[in-house]
Amino acid sequence: MPNDGELVRQVLNGSRDVYAELVRRYERPVFAAAASVVRNWHDVQDISQEAFLSAYQRLGTLKDPQAFGAWIVRIARTQALKTLRKTQRQAAWDRVPEDPDETQDSRVEERTEEILSVVMQLPEALLQVVLLRYFQDLSVTDIAEATNQPIGTVTSQLCRARQAIRIRMNEGRS
Amino acid sequence: MIDDRGSEEAIAEAGRDIRRIPPIAERVMRRVVCDSPLTTPHLEKKGVLKMILGTKYAAAAAAVLLVAASLCVMTLTGGESTIAYAQVREHLESAKTVSYTQTVPLASGQILRTRLMSKGSDLLRMEITPLRPDGKPYYPAGPSTIMIADSRLGKMLALYPETKKATVQSFGKLRPNSRRVGMTFDHVKALLKGKDKPLGERKIDGRSARGFQVTSGSKAIEIWVDAATGDPLLFVIPTSQGDATIRDIELDGPLDDSLFSVEAPKGYVVERIEPEKQNDSSQRRKPALPARPG
């Protein structure tokens, strides 16, 4: 499994198709980043798509190709915040009530939203491994290869991330 | 209180929820290919990448390339007020081949370094190396892209050495001709006949150099030549991002025809792009997005 840095270099060297592998690798983490901000799956998809396109167009400005994962997640989150602000402004003008029948199935679960908001507060290195492990469902070995880190480091990062998430969640309940 | 197992289950549950969203890779890639043929956006501002990777700009790009080659050659000429300058111009005008290295600072802080070789007005080869802001190349192995254009054959070849991929494109109806290139040549010559003034002497790469500033309209470029021979050493062209430079200039050096072959070398996977595909506007349409509620 080529690591992120290798894939980014191949794309920059003209292999556009390789970008699909980066999209597949990070689409779920990017969904999670967007879903931590907006509350609608359709918006999550649109934001994620725009985030990947924006990242593709700016790929040459990425100083550390190995950091693609954290970078794309950051782009998605920024994009989602912009969308949210725009939606809020629009809503303030329109004041059109949502049709519950149409939105019910596309709502992000409240519980998921809560977890995501905690996950997104993790430091970048921990955030990346959590997103790959739990949202992309990659094995620890695959994460180690994708992020170019030893397996032991990934395991330890996951452990620290879970601990941080647990503390935050308990704080939220107390 | 949530324990470690509880927090892991909660995250895993959120992960499963997220994985219910349909994948978007295919949709993204359709737009990557159709809307954004740019892999190194820092080249976009210079309009170079579109012609190198171009899926739809090949014809115009080829023309631009040949114009660019002429411009570069002509940048080395012009000015009439000193003997050295006139010698340089004469030397350049009679040169059958020219090669040089151009560096252009980009808005992103990166630098685009291009080794350009031109033979006559029909053959052009550009070896493009993007550099990091600290001047180090992204890919130590060499240029990331090599672009070769032959206007006699109306063909352009782009090579990507690291991935061993190549694209071959035809200029189509916009095939440049010598008259068009000649007109551009004259146009630039007229620009370079602007007001010139001496800039004195300085050392460039250990050689004594005489400098001239040539002003045409609001643009003023610096030209530095060997004080003894009049050979061009350095050109400084101001841009909004800083100074672009041309160095390592060689006139009438040997440039083998094989350097300008528009046939991909062995081992490359070749993609041929036909002119009609380049102009197919239907490919640029954005794919439909799912209907939004409300």
Side-chain angles (χ1 to χ4, degrees), chain A residues 9-21 23-24 27-32 35 40-46 48-49 52-53 56-61 63 65 96 98-99 102-103 106 108-109 111-116 119 130 133-137 159 162-163 165-166 169-170 173, chain B residues 1-4 6-8 10-29 31-33 35-44 49 52-53 106 108-110 130 132-133 138-139 144-145 158-163 165-167 287 289-294:
Chain A
R9 281 185 203 97
Q10 284 180 35
V11 176
L12 286 173
N13 268 348
S15 301
R16 280 172 295 182
D17 296 348
V18 173
Y19 194 64
E21 177 54 34
V23 177
R24 278 190 283 272
E27 60 188 353
R28 267 52 186 264
V30 160
F31 289 161
N40 180 299
W41 289 138
H42 297 319
D43 287 345
V44 166
Q45 277 189 300
D46 290 351
S48 304
Q49 187 174 317
F52 277 113
L53 279 171
Y56 176 75
Q57 287 163 342
R58 291 191 275 149
L59 204 56
T61 66
K63 286 182 182 168
V96 176
E98 288 176 331
D99 181 344
E102 276 194 299
T103 56
S106 60
V108 176
E109 294 288 336
R111 175 78 167 155
T112 299
E113 200 187 322
E114 183 195 357
I115 298 285
L116 290 174
V119 167
V130 165
R133 178 73 192 93
Y134 296 103
F135 295 84
Q136 188 63 2
D137 208 20
C159 184
R162 280 196 302 269
Q163 195 178 12
I165 291 167
R166 192 180 69 238
M169 287 172 72
N170 284 329
R173 276 166 174 69
Chain B
M1 290 289 282
I2 297 171
D3 58 13
D4 190 52
S7 68
E8 182 166 20
I11 308 165
E13 178 58 38
R16 279 192 288 276
D17 208 12
I18 287 292
R19 288 200 295 278
R20 288 194 296 124
I21 306 177
I24 56 166
E26 197 184 324
R27 207 189 301 172
V28 170
M29 291 313 292
R31 289 186 60 187
V32 160
V33 171
D35 284 0
S36 322
L38 305 171
T39 55
T40 43
H42 47 286
L43 303 186
E44 182 182 10
L49 194 69
I52 296 163
L53 302 178
L106 305 177
S108 60
Q110 293 154 316
R132 293 178 185 281
Y138 281 95
Y139 322 107
S144 65
T145 307
L159 300 172
Y160 309 102
E162 191 169 302
T163 55
K165 287 192 176 177
T167 59
L289 296 173
R292 281 164 171 274

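Naming convention: chains lettered A, B, ... in sequence-line order (proteins, then strands); numbering from 1 in each chain.
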Closest non-hydrogen contact found for Ala25(B) with Arg24(A) is CB-CG, 3.7 Å
Going from CG on Asp17(A) to CE on Met29(B), what distance comes out if it is rounded to the nearest 0.5 angstrom? 5.5 Å
Checking heavy atoms, do the side chain of Pro161(B), its backbone, both or neither come under 4.5 Å from chain A? neither
Minimum-distance pair of heavy atoms, taken over all atoms of Ile24(B) and Ser48(A): CD1-CB, 3.6 Å
Apply side-chain contact (heavy atoms from CB on, under 4.5 Å) to residues Ile11(B) and Phe135(A) and explain how you reach the verdict. CA-CA 8 Å; Ile11(B) 308 165; Phe135(A) 295 84; 4.0 Å; yes
What verdict does the side-chain contact (heavy atoms from CB on, under 4.5 Å) test give for Leu116(A) and Ile18(B), after you've listed the backbone C-alpha separation in whole Å, the side-chain angles of each residue and the deciding distance to 0.1 Å? CA-CA 10 Å; Leu116(A) 290 174; Ile18(B) 287 292; 4.0 Å; yes
Quick check: closest heavy atoms across Glu27(A) and Pro23(B), and the distance to 0.1 Å? OE2-CB, 3.3 Å
Considering only heavy atoms, which portion of Val130(A) lies under 4.5 Å from any heavy atom of chain B: side chain, backbone, both, or neither? side chain
Rounded at 0.5 Å granularity, tell me how far NZ in Lys165(B) sits from CD in Gln10(A). 8.0 Å
Do Leu12(A) and Tyr160(B) pass the side-chain contact (heavy atoms from CB on, under 4.5 Å) test, and can you show the C-alpha distance, the side-chain angles, and the key distance before you say yes or no? CA-CA 10 Å; Leu12(A) 286 173; Tyr160(B) 309 102; over 6 Å; no
Closest non-hydrogen atoms of Ala10(B) and Ile115(A), given as atom of the first, atom of the second and distance, are CB-CD1, 3.4 Å
Closest non-hydrogen atom pair between Arg19(B) and Tyr134(A), with its separation: NH1-O, 2.8 Å
